[in-house]
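To start, the structure under review is shown below, and the notes come after it.
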Protein chains: 2
Amino acid sequence: MNSVKIKRVEKVSPRKKAVKPAPKRAYHHGDLREKLIAATEALIRERGVDGFSLREVARRAGVSPAAPAHHFGDARGLLSEVALLGFQEFGDALAAGDALGGSDPAARLYEQGKAYVNFALKNPARFQLMFSNGKCDPAYKNLDEISNRSFRVLEKAIRAAMGLTGSDEMPPDGYGYLMAVWSCVHGFAHLALGGQFDGPAQMRGMKGEISKTILPLMLAHLPEPPAQKTL
Amino acid sequence: MNSVKIKRVEKVSPRKKAVKPAPKRAYHHGDLREKLIAATEALIRERGVDGFSLREVARRAGVSPAAPAHHFGDARGLLSEVALLGFQEFGDALAAGDALGGSDPAARLYEQGKAYVNFALKNPARFQLMFSNGKCDPAYKNLDEISNRSFRVLEKAIRAAMGLTGSDEMPPDGYGYLMAVWSCVHGFAHLALGGQFDGPAQMRGMKGEISKTILPLMLAHLPEPPAQKTL
DNA sequence: CTATTTATCTGGACAGTGTCAAGATTAGGT
DNA sequence: ACCTAATCTTGACACTGTCCAGATAAATAG
């Protein structure tokens, strides 16, 4: 049925036919796959994740409604691919932030947090798609692997912050702290995108200032391994 | 195929209709509104928020697809009402947690956080609906007011934690801290519901243990006004 | 260079969706 | 008892995602 051929064929335009760059729009037009992805990203940017429609995407790509099925299995397949690409950029953004932090573990986490929120605020639809339930197929191609890559960037910085070297096991407290930091950053992004911070006027001005208020507040008690065993 | 006509052969209603609790199934059956709400809650619990369908709800209530429109305007109206009721329970749960904390501000926030996450984990679909974008009409009846009620429960505890009395203005730092706490708790709930903590085995065991790890971690530096201006 | 296989894409169909307008039915107030 | 307003049905319309049989083009043989 929908056996989506996941053939790993590298047919990514090494060369192009010298002629005919334009007018023939009949049947195969070569870059449908990319065009569909671009159309999807544009569509959800305009109308939100729920405003997505396979047919509308096909329409924008100038193609029949059944065409996308040959590239991605079904609608969820297309959305999963878009999410995957999102996670790719997302992971890169986190890694770039991490690099900005230099050798100071706290700074690394700080910059990663900034990058996390910035990505979400600048790509609302994509971010919501990436962390949505049900819209993507969790078993899609290497979605799981790519999204885990982002996670590992954070994990690595946490490990550094806790003074762990290469191969020691992460202690439970470490994961607890990881979850705390992740939760806070992610929650901020999610609430901000949901317009939940638009009520009190004093909050509104703070949305762009996460770097100056929330993050330091979170990271204030970071560097030392949280082994205080409070309560 | 399965166009199962839900014919109501129950036309036994004989003569006397004096008693009100006697349910007759023809046309007006009195409690359609409540039945639609209940059906919606059950449906999204079973199939997730995206699995919602107005027609399916109508079907379950034994009523025509156009019937709900007379009670709630459209599909979003029904979902908004369900979200509103969710926020009602939610606010109560937060308030109950707050009360559990007694007179200790830190304990109040701690219990509220526990209540927040517990509500989300026990009512995943409802929680996701409440904090979804686009599924509800933000201008619905008093949705805004009710949801703000929950917010005010948190705000009050934050104020207490910062030693503010009745009518003083909340300082910007206060809102910053409120957002931090809210973000962390909310983010945890959202990530947990998204299955994001199901990767590393050491995390999985922690989902139920937020009360023992994450929350204290967040609240460790709570009581004093966060004016340290770090970094 | 021709023939055949394989990858793409179309067109039409089907079941499902939300919503609207017109009409049937009933409840309630005067 | 009438009349009005609320409630619900019926049928329609424009959508949606997905499947199927075929058309078309490109790739790969032979």
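Naming convention: chains lettered A, B, ... in sequence-line order (proteins, then strands); numbering from 1 in each chain. All values below come from the heavy atoms of this structure, side chains included, with hydrogens, waters and symmetry mates left out. Since the structure is predicted, the reported quantities are computational estimates derived from the model, not experimental observations.
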Gap between atoms NZ and P, on A:K135 and D:dT16 respectively (whole Å): 15 Å
Whole-Å distance between D:dT16 P and A:L54 CG? 10 Å
Using modelled atom types only, decide if a donor and an acceptor are shared between the side chain of B:N133 and the backbone of A:L193 within a distance under 3.5 Å. yes
Identify whether any heavy atom of A:A67 sits under 4.0 Å from a base atom; if not, whether one sits that close to sugar-phosphate; answer base, sugar-phosphate or nothing. base
Toward the 5' end of DNA chain C, by each residue's nearest nucleotide, B:H70 or B:R76: B:R76
Please name the pair of heavy atoms, one in A:V117 and one in A:V185, separated by the smallest distance, quoted to 0.1 Å. CG2-CG1, 3.7 Å
side-chain N/O A:H71 vs C:dA7 OP1/OP2, d < 4.0 Å: no
May I ask you to evaluate whether A:S53 reaches the phosphate of D:dT16, defined as a side-chain N or O under 4.0 Å from OP1 or OP2? yes
Which whole-number value in Å describes the distance from A:L78 CG to D:dT18 C1'? 14 Å
Give me the ring orientation class for A:H186 and A:F127: parallel if the planes are under 30° apart, tilted from 30 to 60°, perpendicular past 60°. tilted
B:D74 has an atom CG; how far is it from atom C1' of C:dT19, in whole Å? 9 Å
Nearest whole angstrom, please: distance from the P of C:dG18 to the CZ of B:F52. 6 Å
Under 3.5 Å, is there a donor-acceptor pair between the side chain of A:R108 and the main chain of A:G101? no
Roughly, in whole Å, what's the span from CG in A:L32 to C1' in C:dT8? 8 Å
Using OP1 and OP2 only, check whether a side-chain N or O of A:R59 sits under 4.0 Å from D:dC15. no
Using the side-chain heavy atoms of A:A66, tell me which of these nucleotides is nearest: C:dC20, C:dG18, D:dC19. D:dC19
In whole angstroms, the gap separating C1' of C:dA27 from CZ of B:R33 amounts to 18 Å
Between D:dC13 (C1') and B:R55 (CZ): distance, integer Å: 11 Å
Kindly write out the residues that satisfy ring-ring contact (aromatic ring centres under 6.0 Å, His included) with B:F90, not counting sequence neighbours, or none if the list is empty. B:Y116, B:F119
